[in-house]
Amino acid sequence: MGDQMNAQQPVQPDVVADFAGAPPLAPLHMPKQILISEPGVWRRAFARIVTALPSGRRRPG
Amino acid sequence: MTQQSENTGDRAGGTRALAVALSVLAAAAAGMVFYIYGATDGVDPLDIVRSLLIFLSTWWLAWGAATALLGLTSRAKPRPSLTAPIRGRTVVIVPVYNEDPQVTFARVAAMDDSLRAADPSVPVDIAILSDTRDEAIAGAERIWFSRLLARQHGQGRIFYRRREKNTGRKAGNIEEFVVQSGAAWDYAVILDADSLMEGALIHEMIRRIEAEPRLGLLQTLPKVVRARSIFGRAMQFAAGFHSPIFARGLAAMQGRTGPFWGHNAIVRMRAWAECCGLPELPGKAPFGGHIMSHDYVEAALLARGGWTVRLDDDLQGSYEEGPENIVDHAKRDRRWCQGNLQHSKVLMAPGLKPWSRFVFIQGIFAYIAPLIWLAFIAASIAAVYWVGQPNYFPLENWPFPVFPNDETAKAVGLAVGVFGLLVMPKFLVLLEAIFSGRARSFGGAARAAGSVGLELLLSSLIAPVLLAFQSRSVFQVILGSDGGWPPNNRGDGRLDLADAWAAARWISLCGAIGMAATYVLAPVLLLWLMPVTLPMLIAPVLIAWTSRPGREQGFLVPEDADYPAILERHDEILREWGRAFESETKVA
């Protein structure tokens, strides 16, 4: 293994890549995962109560 | 196959329960002893608060000790590996972000050489995925890529692409690659820019993942290498000497929900695509937005999808580099802190395995633990200040003093117990290393023992400085400050006193205020708190001193005497490129 690893490749003349080096196009579907739960019964009920309450910003008169 | 996995999971359940029970029991005992000690002169609210804080901090220490004990008492499991030729195609992914392209691409060349030397018939490609924002570095990346291709004859095997926008950072970078090109490969080895892996190891990882169709991710335990500074060498020694035992303990508890540390791991491309598309979290950073510590979340999602995530601690030939000074360590830790605290938002994600949730809690607790110690210190100062002398004459018309029960022995016992939980695992690991012969590769029993002692001393000295940085990070995140994604500093990392002063003068100030407050409010505690306040006071000196080059004979690790072939190869390529292109100025 060591001998093969030491079989050096010569340094090639300097050429700027023509960007044929991009990875091949081979699409794979990657769905976004659900990490936040839908609100449960209690949270939904609490949200309804809060929505139903009168806003505190009303001014008398 | 399924039955075997189920059994493995069941056994892990028992091991986990044992570890949790032991650590909770130790914590409860410590909390109770402290309560009895505090109640000697009557119970006040501060006694209850301090008992609770002792319970929490002891649990954290005991949890670490339990993991080490499991590591010491369990053996590496034989893992199934493929005997037939490898059939699947693999891509090694190297994400880069404003790195020095010469050094990074030389790593790619070294790994490519190593892979071909191990077995050229195994189909392994390499993809460099650039998220570099600096145009000058991006230009240099293109030049070095062409040199890399020419040197390795890598056309069609080695790829490079740069994203226009670095949406989602590293996780987004990999996701974009998987969505565009993932179907071309069966497996992907995910690396960091500073990772190096032996070709033979990569082939063994492919064999293992190919041998188990439900294995979604296989993590290796990377060894920290190339440390030069006192701080770096001490951390490198601790990682090389202690981590394998802790990792084995972790492996004993993992079941099918092992860890992913973000790099030096192989994943099954199909499983990854199916489970690891990370959404943005609602709300603003630091808690909302892109998931910063994506690796823990990806491991949890793979487990949720029914895939096995596993750490194989027996795999050798996996390397990474670590920070060379305390400031760089603190910068990286700031990022991890934000990432781990952000996990509080995904803690209740639907369908996660209970162990995955527990792993998130552990990660959060790791950053909250220093605050618990700080709160305990503050409560102790307050207790001395507010609670007066005990009443020696509580009985009317009784001329003789009534002394409270002497509970000093319990207090000393508790202090020894907490200290024991801190150092006992390290001493047990030392004994294991001496009796198993592992210490020989760390310079022999005497030298290994010396290194363990010195590392313990050094880590005790710098612990208050790290605690200060960590506490600041937690406060910053809680107050809504986003730390962003600063690039890692690589290189020798040496800091002079002026740099260290600029980075840590606030810690000196906190140390001075802490010392003065203790002197005024609770002078009896001044000496007791010196091990915390004094290192804080001299933090800049400690930071500058520990960033100096360490002695080559200090904190010896096996890689000092037996330099890994892949590192040697990387050095050779850098020298070769240095000679060939010496007229150029390095960009990064």
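Here is the naming used below: chain letters follow the sequence lines, and residue numbers restart at 1 for every chain.
Interface remark: of the candidates B:Ala300, B:Ser181, B:Cys275, B:Gly182, B:Ser181 forms the most heavy-atom pairs closer than 4.5 Å to chain A. Per-residue counts of heavy-atom pairs under 4.5 Å with chain A were compared for B:Gly154, B:Gly351, B:Ala109, B:Ala349; the largest is that of B:Ala349. Across B:Gly305, B:Cys276, B:Ala127, the residue that shares the most heavy-atom pairs under 4.5 angstrom with chain A is B:Cys276.
With A:Lys32 contributing its side chain and B:Pro279 its backbone, the two residues share no donor-acceptor pair below 3.5 Å. With hydrogens and angles ignored, the 3.5 Å screen pairs no side-chain donor or acceptor of A:Gln33 with any backbone N or O of B:Glu298.
At most 12 non-hydrogen atoms from other residues, nucleotides or ligands lie less than 6.0 angstrom from CD1 of A:Ile34. Applying the 6.0 Å contact sphere to OH of B:Tyr296 captures no more than 12 heavy atoms from other residues, nucleotides or ligands. Enclosure of atom CZ in B:Arg357 by more than 12 non-hydrogen atoms of other residues, nucleotides or ligands within 6.0 angstrom is indicated. Within a 6.0 Å radius of CZ in A:Phe46, other residues, nucleotides and ligands contribute 12 heavy atoms or fewer.
Heavy atoms of B:Trp272 lying under 4.5 Å from chain A belong to its backbone as well as its side chain. Contacts of B:Ile128 with chain A are absent, with no heavy-atom separation under 4.5 Å from either backbone or side chain. Interface remark: B:Arg304 contributes side-chain atoms only to the contact with chain A (heavy atom separation under 4.5 Å). For a residue to count as touching a neighbouring chain, one of its non-hydrogen atoms must lie under 4.5 Å from one of that chain's; by this rule B:Glu175 touches chain A with backbone and side chain alike. Using a 4.5 Å cut-off between heavy atoms, B:Leu281 touches chain A through its side chain atoms alone. Neither the backbone nor the side chain of B:Val91 has a heavy atom closer than 4.5 Å to any heavy atom of chain A.
Here the straight-line distance linking atom CG of B:Leu352 with atom CG of A:Leu35 works out to 7.5 Å at 0.5 Å rounding. Expressed to the nearest 0.5 Å, how far CD of B:Gln180 lies from CE of A:Met30 amounts to 12.5 Å.
Side-chain contact between B:Val179 and A:Leu28: absent, with no pair of heavy atoms (C-beta onward) separated by less than 4.5 Å. In this structure, A:Pro24 and B:Phe159 have side chains that are in contact, with non-hydrogen atoms separated by less than 4.5 Å.
Shortest non-hydrogen contact noted between B:Phe145 and A:Gly21 is CE2-CA, 3.9 Å.
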